[in-house]
Structures are given as structure tokens and as C-alpha cells.
> 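Sending over a structure as C-alpha cells; questions will come in a sec.
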Amino acid sequence: RLAYLALKEGDVPFVMGFGDLALSVSHTVYRNVQKGIDLTPFVMVKFPVGKFDCENEGVKLPISMQPSSGSYKYAGGLSFYSNLSKRWYLTFYGLYEYAQRIRSNNFDYQYGGLTYLNVAVFYELPKYFSFGGQVGYEYQSRARSGDELLFGTAYHLLKFTPQILCKISR
């Protein structure tokens with residue numbers, strides 16, 4: 001996966017470029033087709049291949065406006081799927097991400113650790129539709145600039161997303 005970022009001020013672009021390249025490897029370690037259970041751990045590495053240390057008219061752009069994160073990031077996690085009954089099913093996805101310290105021309109910075117958890121439950125209606133919802137929790141610990149912890153960089157995020165899914169078959 002490779003992202004591209006273009007930020008503009010009015011009609012004038014002031015930073016453009018590719019972001020980070022993410023490579024992941026996963027392997028299903030447990031599958032029971034009769035019970036409808038899958039358990040799949042994964043690892044991921046993000047490479048800062050895009051532009052970093054961008055400036056606009058001699059002004060250093062903040063780290064949040066850089067196309068690339070500037071940091072190698074390493075993540076591990078787990079996904080789980082289960083049929084709870086004939087019509088109900090459950091999914092879980094969780095990961096932890098660690099970012100390497102950035103030492104560049106404009107920054108001495110380290111992103112805080114990222115924890116992400118997501119649980120979803122769905123009910124399958126006859127024919128084409130399923131409905132349900134998912135609850136996601138995200139926590140980013142404080143970032144560092146040099147050896148100082150940065151206040152205002154940590155956060156907790158909790159979200160609920162109701163969903164209606166439609167299967168289209170031929």
C-alpha cells in the first residue's frame with residue numbers, strides 16, 4: 001500500500017508527494033470451517049519512502065503536514081472471525097504499532113505507540129442484507145521531541161459505526 005498526499009492553500013499546492021510504503025505478512029494459524037472460525041496474526045512494516053522535511057517559502061512545515069511520516073513503523077496484530085450462530089457473526093481486529101525515532105534536518109521526533117482495537121457484530125438477513133455495528137478504540141501515547149515528552153500529542157478515540165451491508169451476486 002502506498003499513499004499520495006497533496007495539500008493546497010487555495011489553488012496553490014504547497015506540498016505534494018508519496019507517503020509511506022506498507023508491507024504486511026499474515027498467516028491463518030487456525031481455521032475451523034464447520035464452526036466458522038478464523039484466527040490470523042500479522043506483522044507489518046511501514047517504510048518512509050516519500051517526501052519528508054518539506055518547507056514552504058523557507059518555513060518548516062509541521063510533521064502532520066509532511067507527505068511521509070519520516071519514520072519506520074513496526075506493527076503486529078491479530079484478526080479473528082467467528083460465526084456465532086447461523087445468522088450472527090463477529091469480527092475482531094487489533095494491532096500495536098511502534099515508530100522509530102526520526103532524526104532529520106528539521107526534526108528529532110518519535111511518534112507515540114499506537115494501539116487499535118475493533119470489534120464488529122453482524123446479523124445476516126435472508127437474501128442480500130446484513131446489519132450490525134462496530135466499536136473501535138484507538139490510543140496513541142505521547143510523542144517525543146528529543147528526550148522530552150510532548151503534551152497534547154496523546155489521545156483516546158472511541159467510535160461506534162452502525163452498518164448495513166448488501167451482497168450483490170450474479
> Is the number of heavy atoms from other residues, nucleotides or ligands under 6.0 Å of Leu149 CG greater than 12?
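Result for CG/Leu149: enclosed.
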> Using the rule that two of Ile, Leu, Val, Met, Phe, Trp, Tyr join whenever any of their side-chain heavy atoms come within less than 4.5 Å, decide whether Phe131 and Leu90 are in one cluster.
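In one cluster with Phe131: Leu90, yes.
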> If we only count heavy atoms from C-beta on, is the Phe129 to Ile164 side-chain gap below 4.5 Å?
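In short, these two side chains touch, coming nearer than 4.5 Å.
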> For the pair Phe107 and Gln66, evaluate side-chain contact (heavy atoms from CB on, under 4.5 Å) and give the outcome as yes or no after the intermediate values.
CA-CA 11 Å; Phe107 297 99; Gln66 303 289 335; 3.9 Å; yes
> Return yes if a side-chain donor-acceptor contact under 3.5 Å exists between Gln110 and Tyr98, otherwise no.
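Yes, a side-chain donor-acceptor pair sits under 3.5 Å.
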> So, are Lys46 and Glu97 salt-bridged, with charged N and O less than 4.0 Å apart?
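Salt bridge between Lys46 and Glu97, a charged N being under 4.0 Å from a carboxylate O: yes.
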> Salt bridge between Asp53 and Lys60, side-chain N to carboxylate O under 4.0 Å?
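Looking at Lys60 together with Asp53, the answer is no, because their closest N to O distance does not fall below 4.0 Å.
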> Asn32 side chain to Gln34 main-chain N or O, any donor-acceptor pair under 3.5 Å?
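Present.
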> How long is the gap from NZ on Lys159 to OG1 on Thr161, to the nearest 0.5 Å?
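Spacing of NZ (Lys159) from OG1 (Thr161) equals 6.0 Å.
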> For the residue pair Tyr128 and Leu165, establish whether any side-chain heavy-atom pair is separated by less than 4.5 Å.
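Tyr128 vs Leu165: side chains apart.
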> Under 6.0 Å from the OH atom of Tyr116, do we count more than 12 heavy atoms belonging to anything else shown?
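Count over threshold, so yes.
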> Evaluate the side-chain contact (heavy atoms from CB on, under 4.5 Å) criterion for residues Leu78 and Leu39: first the C-alpha distance (whole Å), next the side-chain angles of each, then the deciding distance (0.1 Å), finally the verdict.
CA-CA 7 Å; Leu78 186 68; Leu39 184 63; 3.6 Å; yes
> Could you tell me if the side chain of Phe92 sits less than 4.5 Å from the side chain of Ser79, heavy atoms only?
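When only atoms from C-beta onward are counted, Phe92 and Ser79 do not touch, as no gap falls below 4.5 Å.
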> Parallel under 30°, tilted from 30 to 60°, perpendicular over 60°: which one fits the rings of Trp88 and Tyr123?
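Tilted, since the angle between the ring planes falls between 30° and 60°.
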> Just verifying a value: how many Å separate Thr91 OG1 and Tyr81 OH, rounded to the nearest 0.5 Å?
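Going from the OG1 atom of Thr91 to the OH atom of Tyr81 covers 8.5 Å.
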> Please determine whether residues Phe80 and Val29 belong to a single hydrophobic cluster, defined as Ile, Leu, Val, Met, Phe, Trp and Tyr linked transitively by side-chain heavy-atom distances below 4.5 Å.
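Same hydrophobic cluster.
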> Can you list the steps and then say if Arg144 with Tyr111 is a side-chain contact (heavy atoms from CB on, under 4.5 Å)?
CA-CA 7 Å; Arg144 292 181 173 274; Tyr111 295 93; over 6 Å; no
> Would a 4.5 Å heavy-atom cut-off, applied to side chains only, mark Asn118 and Val135 as touching?
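Heavy-atom side-chain distance check fails, nothing below 4.5 Å.
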> Looking at every heavy atom in both Pro41 and His27, which two are closest together, and how far apart are they?
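Heavy-atom minimum between the residues: CD-O, 3.1 Å.
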> Could you check whether any side-chain heavy atom of Cys166 comes within less than 4.5 Å of a side-chain heavy atom of Ile168, counting everything from C-beta outward?
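When only atoms from C-beta onward are counted, Ile168 and Cys166 do touch, with a gap below 4.5 Å.
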> Once you round to the nearest 0.5 Å, how far does CZ of Phe160 lie from CD of Gln134?
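Spacing of CZ (Phe160) from CD (Gln134) equals 9.0 Å.
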> Identify the heavy atoms of Gln140 and Thr153 that sit nearest to each other, and give their distance.
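Smallest interatomic distance, heavy atoms only, reads CG-O, 4.1 Å.
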> Which atom names give the shortest non-hydrogen contact between Gln100 and Ser71, and what distance separates them?
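Scanning both residues completely, I find the closest heavy atoms to be O-OG, 2.6 Å.
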> Side chains of Ile37 and Tyr30: closer than 4.5 Å at any heavy-atom pair?
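Of all side-chain heavy-atom pairs linking Tyr30 with Ile37, at least one is under 4.5 Å.
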> Should we say atom CZ of Arg31 is surrounded by more than 12 heavy atoms from elsewhere, each under 6.0 Å from it?
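No, not enclosed.
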> Could you walk me through whether Ser26 and Thr40 pass the side-chain hydrogen bond (donor to acceptor under 3.5 Å, both in side chains) test, one step at a time?
CA-CA 6 Å; Ser26 63; Thr40 306; over 6 Å; no
> Looking at every heavy atom in both Ala120 and Phe122, which two are closest together, and how far apart are they?
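Nearest heavy atoms, Ala120 then Phe122: CB-CE1, 3.6 Å.
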> Give me the atom names and distance for the closest heavy-atom approach of Ser69 to Asp20.
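Distance-wise, the nearest heavy atoms are OG-OD2, 2.6 Å.
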> Carefully, step by step, assess Tyr93 and Val119 under the rule side-chain contact (heavy atoms from CB on, under 4.5 Å).
CA-CA 7 Å; Tyr93 177 85; Val119 176; over 6 Å; no
> OG of Ser68 to CZ of Phe47: how many Å apart, nearest 0.5 Å?
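Reported value, rounded in 0.5 Å steps: 12.0 Å.
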> Enter the distance from Leu114:CG to Tyr139:OH here, rounded to the nearest 0.5 Å.
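Interatomic distance, Leu114 CG to Tyr139 OH, rounded to 0.5 Å: 10.5 Å.
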> Could you walk me through whether Glu138 and Tyr155 pass the side-chain hydrogen bond (donor to acceptor under 3.5 Å, both in side chains) check?
CA-CA 8 Å; Glu138 188 174 317; Tyr155 66 88; 2.4 Å; yes
> Closest approach of Ala143 and Tyr109, non-hydrogen atoms and distance?
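Taking every non-hydrogen atom into account, CB-OH, 3.2 Å.
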> Between Ser82 and Tyr89, is there a side-chain heavy-atom distance shorter than 4.5 Å?
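The answer is no, as the side chains (C-beta and beyond) never meet within the 4.5 Å cut-off.
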> In plain terms, say whether Lys167 and Glu124 are close enough for a salt bridge, that is, a side-chain N and a carboxylate O under 4.0 Å apart.
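Here Lys167 pairs with Glu124 in a salt bridge, since their nearest N and O are under 4.0 Å apart.
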> With rounding to the nearest 0.5 Å, note down the distance linking CG in Leu117 to CG in Leu95.
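It comes to 8.0 Å.
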> Would you kindly say whether Asp38 and Thr28 are connected by a side-chain donor-acceptor distance under 3.5 Å?
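There is no such pair between these side chains.
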> Any side-chain heavy atom of Tyr137 sitting closer than 4.5 Å to one from Leu157?
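No, side chains not in contact.
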> Take the angle between the ring planes of Tyr74 and Tyr72 and call it parallel below 30°, perpendicular above 60°, tilted in between.
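Judged by the thresholds at 30° and 60°, the geometry between Tyr74 and Tyr72 is parallel.
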